[in-house]
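See below for the structure under consideration.
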Number of protein chains: 2
Amino acid sequence: MPADESPVQTKKAKATIYDIAQQAGVNPSTVSRALSNPGRVSPRTRRLVEITAEVLNFKANHSAQALQTGSTRMLGLLVSDITNPNFFGILREAGRVATQQQYSVVLGNAAESAATELSAARRLIKTVDGLILVSPRMSENNLQLLAATKKVVAINREVSGIDCVVPDPDRGVSQAVRFLAGNGHQKIVFAAGPEMSWMSARRWDAVSDACEWCHVTAERIESTSPTIDGGRKLARTIKASGATAVITHNDLMAIGLMHELQGAGMAVPEAISIVGFDDIFGADFTTPSLSSIRSPLGECGSLAAGLILNSFAGTPQEPKSVMVDTELVIRGSAGPARSAP
Amino acid sequence: MPADESPVQTKKAKATIYDIAQQAGVNPSTVSRALSNPGRVSPRTRRLVEITAEVLNFKANHSAQALQTGSTRMLGLLVSDITNPNFFGILREAGRVATQQQYSVVLGNAAESAATELSAARRLIKTVDGLILVSPRMSENNLQLLAATKKVVAINREVSGIDCVVPDPDRGVSQAVRFLAGNGHQKIVFAAGPEMSWMSARRWDAVSDACEWCHVTAERIESTSPTIDGGRKLARTIKASGATAVITHNDLMAIGLMHELQGAGMAVPEAISIVGFDDIFGADFTTPSLSSIRSPLGECGSLAAGLILNSFAGTPQEPKSVMVDTELVIRGSAGPARSAP
DNA sequence: ATGAAAGCGCTAACAG
DNA sequence: CTGTTAGCGCTTTCAT
């Protein structure tokens, strides 16, 4: 007995469709059809091929398929900062939708840098069929250039010419401002996010508008970074501002701010009310638990993935902006103004 | 002037190395060399090729490269449950290390199911050069079968024949048990994780051993799921057990348990001390803030990625288990036993 | 229903 | 240093 009979478990034994073809006594093209186009081959040969493939422990070579078909069955997901728990929901739901259609998700991290983001996007887009950009910081022009190559969907930012899914802050913000105004607050401070963040600008607009409508003063202050620590660093300024309520660009900042304020002896919400943005995981762990304007991030993720996947199937669509509604989640960190009767 | 002169921005104009070769008046193979093997080509042609590539807006076809070279420059990362914030650190650090070497990370989610996990792993492994399995639930045999195909590293589980990086609970647990025993606790309950979880078993062993050493009683109770809600459901049983201290399989369970216990009027840590596992994001948001045995997950991620990447470079190594140390993080949720003087 | 043959875009010997 | 020549493993006309 020859020693080189194909052992089922050889560490490097890569079986190809040619091996199957030979073993089964058919043509390679038949094997291909049997495996990926069942129905275009007789039931009998089909079984034969399937069994032989099984025996040979055949795994289709993804690169070869991709080269031939032009599709890698992969979606890219590029987040602006992977340490932001925000993105969990997006990741999970986008992944779920992708998996349903036998797609995989390749992750990229921009680490809060527009330059890193761009290079990561360029690297990613070569290997995927479509790309989801979460809170992209790059220029509109670069965004559109990318979109000219492959299908691109942006989350948390609106850009003409490309598909977007963005939470509309208006509803949640107006709920929050009405709540605060109704509780006697006269002045609301908005702690802004990164200067380049489109979403931060959008949120400030919403706050500003809602305040005007409710006849309360709105003031915007800048931050150093949209993190817990960035929030902490705002405490002094905010205390000095004399505002009795603050809305932050995100929950991380709100949590840092709240801790720092409490550390300085200010009671929340008695002395100052705090409302965050995004309702991240852990927002309800704090004391008092954090009120927040929730963006349905999971929905954004599944919508974005769906948009891409559908674009492969159906007829080409005009780029569109999908708006999803935000919603105020009231918890313990917001309440009556201290000067209220 | 002919209308079909290659427009730099045509939506579907995919330039190949042949286009570059023709345009630059050199051979395709020279283009290939110039682009991916600079140094094996004259500086002059190199520049010529690079410029032409730029002008033609050339993007190398990843699938073709992968087919030829046998390497996709992608790493798979399969987590047992993507909703678990635990895995953030792993993801981030593994991604960082991968990116350094021009690798991308493809994410997979097992959604806590061994079956889903296996099929996800099988799908992933076809498209990546190496696979990181985080807290895998599949059988040892399946694990080894996968490892026979491509380089595989497991995190949070030890299996003979494959590379592993696992946090060793002993150090952190013994710190925790000594702390609790020193504070007068006579009986410690361990709230176990999923039955199939290798790590849960490992942690229980550590607790059991440490308790014996410290002459305190250890009791293990089962849980329904390793989540906040799973923790909540344990409250009744744990209260009934009469234990004054509990160590949970993870922080999520600890947080759920703590909330439920507090809701039932038990003060933490006065009536009962709680110690979690993993020190997840948000562990310090609770009131009292959660004590936890921290696993250096980020380090696990970078180590795992490093193990894989190095295996491509150097000479083949024997599979090895890398142990990383855990550490007790004492916060407000653990203190003196209520019966202590 | 199946076989034959032609590539997909790139890299890698091997010559020269 | 550069051109020639084969493929990598698969899908897909086009015949039969």
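The structure presented is a predicted model; accordingly, all values stated were derived computationally and were not measured. Here is the naming used below: chain letters follow the sequence lines, and residue numbers restart at 1 for every chain.
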(message) What range of DNA chain D does chain B touch, first nucleotide to last, counting atoms under 4.0 Å from its heavy atoms?
(response) D/dC1 to D/dG9
(message) A/K151: which residues meet the salt bridge (Lys or Arg N to Asp or Glu O under 4.0 Å) condition with it, sequence neighbours left out?
(response) A/D163
(request) Determine, for nucleotides 11-16 of chain C in 5'-to-3' order, which nucleotides have protein heavy atoms under 4.0 Å from the base (write B), from only the sugar-phosphate (write S), or from neither (write -). (result) BBB---
(message) So for the helix from C/dA1-D/dT16 to C/dG16-D/dC1, with five pairs setting each end axis, what is the inter-axis angle to 10°?
(response) 30°
(request) Scan B/A60 against the nucleic acid and name what it touches under 4.0 Å (heavy atoms): base, sugar-phosphate only, or nothing. (result) sugar-phosphate
(message) Between A/S139 and A/N142, do the side chains contain a donor N or O and an acceptor N or O under 3.5 Å apart?
(response) yes
(request) Would you please name every residue forming a salt bridge (Lys or Arg N to Asp or Glu O under 4.0 Å) with A/R123, sequence neighbours left out? (result) none
(message) Among residues at least two apart in sequence or on other chains, which ones pass side chain to side chain donor-acceptor pair (under 3.5 Å) with B/K59?
(response) B/N57
(message) Tell me every residue that passes side chain to side chain donor-acceptor pair (under 3.5 Å) with A/Q22, counting only those two or more places apart in sequence or in another chain.
(response) none
(request) Mind calculating the distance between CZ (A/R46) and P (C/dA1) to the nearest angstrom? (result) 13 Å
(message) Strictly by salt bridge (charged side-chain N to carboxylate O under 4.0 Å, His left out), give each pair with a member in residues 63-90 of chain A just once, sequence neighbours left out.
(response) none
(request) Identify, with sequence neighbours excluded, every residue that meets side chain to side chain donor-acceptor pair (under 3.5 Å) alongside A/T116. (result) A/S113
(message) What contact category does B/S63 fall into here, base, sugar-phosphate, or nothing, at under 4.0 angstrom with non-hydrogen atoms?
(response) nothing
(request) Check side chain to side chain donor-acceptor pair (under 3.5 Å) between B/N310 and all other residues, then give those that pass, not counting sequence neighbours. (result) none
(request) Give the rounded distance in Å between these two atoms: CZ of A/R47 and C1' of C/dA1. (result) 18 Å
(request) Provide the full list of salt bridge (charged side-chain N to carboxylate O under 4.0 Å, His left out) pairs with a residue in residues 91-120 of chain B, sequence neighbours left out, each pair given once. (result) B/E93-B/R96, B/E112-B/R137
(request) Take atom CG of A/N61 and atom C1' of C/dC10, then tell me their distance rounded to the nearest Å. (result) 14 Å
(request) Kindly state each residue pair satisfying ring-ring contact (aromatic ring centres under 6.0 Å, His included) with at least one member in residues 68-90 of chain B, sequence neighbours excluded. (result) A/F88-B/F88
(message) Which heavy atom of B/V166 sits nearest to which heavy atom of B/E158, and what is that distance?
(response) CG1-N, 4.2 Å
